[in-house]
Amino acid sequence: MKALIAVLGGDGIGPDVVAQAVRVLGATARHFGHEFELAPALFGGAAIDAHGDGLPPATLDLCKRADGVLLGAIGGPKWSAPDAKARPETALLRLRRELGVYANLRPVAVHPALRDASTIKADVLDGVDLLFVRELTGGIYFGEKRRTATDATDVCTYTVAEIERVTRVAGTLARARRKRVTSIDKSNVLETSRLWRSVVERVIATEFPDIALEHMLVDAAAMHLIRRPREFDVLLTENMFGDILTDEASMLAGSLGVLPSAALGDGSRGLYEPIHGSAPDIAGRGIANPIGTILSAALLLRHSLGLDTEARAIERAVSEALEAGARTADIAGPGVPVMTTGGMGEEILKRLRA
Ligand code: IPM
Ligand code: MN
């Protein structure tokens, strides 16, 4: 098949990890006889430096024409002064909104080879297989923001329609898994959470009667995630709770560096990015873990191009590289030889070609 994939390296380690995912996509295309046009564009801080705009019109236009968008990471100290005029993060929020990708899928599975990379006891981790469905284009991230000399306000709003559509995504995905949804909120305090709980309850009861639904307060969820992570299947959250809990959950998998994500809307086009940030502290050193981005490229093939066999081939290659002991610094135990970003890419490519 022919497909146009927008490639946004972004800032910090973003370009490094995306370069490895691009190699993997190229090899996959050759192996399976596809034609992927991989079109790079400036985004985030790099675009602010070049154009004064983190999401220049040409980049947005490319993303809208593309079948899928692969993104590295954005941001860094250079653009994060409290009074900064243009922020890379704002560009990312605009891109998510413009593409209408309201459902952010963040799978967290513990690879047996990385059992000991986690700070959490290994026996708590066996069999952990979670899928976060994070609402991505609403809530406090997008509400009105105000600032005076003496106070600041961030408004959190959710509409019934916004909650309904993301709940349907969670329900549909739960059906193909263990048929359990845990909806996370703070309904003992927040009005938006009370609306969230009642809408989720109704949608699941009427449209997904085969799915077991439980509600959990976000503070308790933060605790249970590391106390008994195996018991969760699909976790449905609003935007900010999902942001926070997925960083926490990444520690189950051993490192932020290995986790991919897919942001989807109503069509097939999606935005795919590792859940880690731009890690300015290690940028340019060639030591970042490219696995989160490579697995995000696999999700792109699966969800936007319908290429499940190809996605599985990439996932298998990653898994085999880990089993063979390939380790970047973030997942290497003490005394274990460490490889570079490119070295890890090579280990994965080798197994993809085999
Ligand atoms: C993420 C990131 C972003 C978010 C930032 C960079 C705006 O932390 O994708 O998890 O908060 O959504
Ligand atoms: Mn985050």
Side-chain angles (χ1 to χ4, degrees), residues 8-15 17-18 21 43-48 53-55 59 63 69-82 84 86-108 130-143 145 154 156 158 162 166 184 218 221-222 225 235-253 255-265 270-283 288-289 291-293 295-297 299-300 330:
L8 314 179
D11 309 316
I13 60 171
V17 292
V18 160
F43 181 61
I48 292 176
D53 179 1
L55 177 57
T59 299
C63 293
V69 181
L70 182 67
L71 167 65
I74 47 103
K78 187 171 175 195
W79 309 280
S80 45
R87 287 178 183 281
E89 290 78 7
T90 312
L92 178 56
L93 299 191
R94 260 179 64 213
L95 181 61
R96 289 172 176 170
R97 250 280 161 104
E98 289 277 356
L99 296 179
V101 289
Y102 56 82
N104 189 201
L105 281 43
R106 297 187 163 192
V108 181
L130 322 173
L131 175 63
F132 278 87
V133 178
R134 169 192 175 194
E135 201 290 328
L136 200 61
T137 54
I140 197 164
Y141 275 56
F142 289 90
K145 298 180 187 304
D154 292 284
C156 184
Y158 266 108
E162 283 173 327
V166 75
I184 292 164
V218 61
L225 254 181
L235 298 100
L236 171 61
T237 77
E238 62 86 74
N239 201 345
M240 189 158 77
F241 297 159
D243 178 47
I244 297 167
L245 291 180
T246 53
D247 264 36
E248 182 193 1
S250 76
M251 286 299 102
L252 301 167
S255 165
L256 258 180
V258 298
L259 293 185
S261 83
L264 306 173
L271 171 63
Y272 301 84
E273 41 173 326
I275 80 161
H276 64 70
S278 61
D281 51 324
I282 60 164
N289 191 337
I291 288 181
T293 313
L295 292 175
S296 298
L299 293 179
L300 186 156
D330 58 318

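First listed ligand is number 1; within each ligand, the first listed atom is number 1.
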Side chain proximity check, Asp243 to Tyr141, heavy atoms < 4.5 angstrom: yes
Is the closest side-chain heavy-atom distance between Leu105 and Ser261 below 4.5 Å? no
Are any of the N or O atoms of Arg134 closer than 3.5 Å to those of ligand 1? yes
Heavy-atom distances under 4.0 Å decide this one: backbone, side chain, both or neither, for Arg106 against ligand 1? side chain
Heavy-atom distances under 4.0 Å are what count here, so tell me which part of Arg96 touches ligand 1: side chain, backbone, both or neither. side chain
Does the distance from a Lys or Arg side-chain N to an Asp or Glu carboxylate O, for Arg96 and Glu273, drop under 4.0 Å? yes
Indicate yes or no: does Asp53 engage Arg94 in a salt bridge with an N to O separation below 4.0 Å. yes
Which atom name would you report as the N, O or S atom of Asp243 nearest the Mn ion (ligand 2)? OD1
Between the side chains of Arg134 and Thr237, is a donor N or O closer than 3.5 angstrom to an acceptor N or O? no
In the protein, which heavy atom is nearest to atom 11 (O) of ligand 1, and how far is it? Tyr141 OH, 2.6 Å
The option among Thr90, Asp247, Asp243, Leu93 carrying the non-hydrogen atom nearest to atom 10 (O) of ligand 1 is Asp243
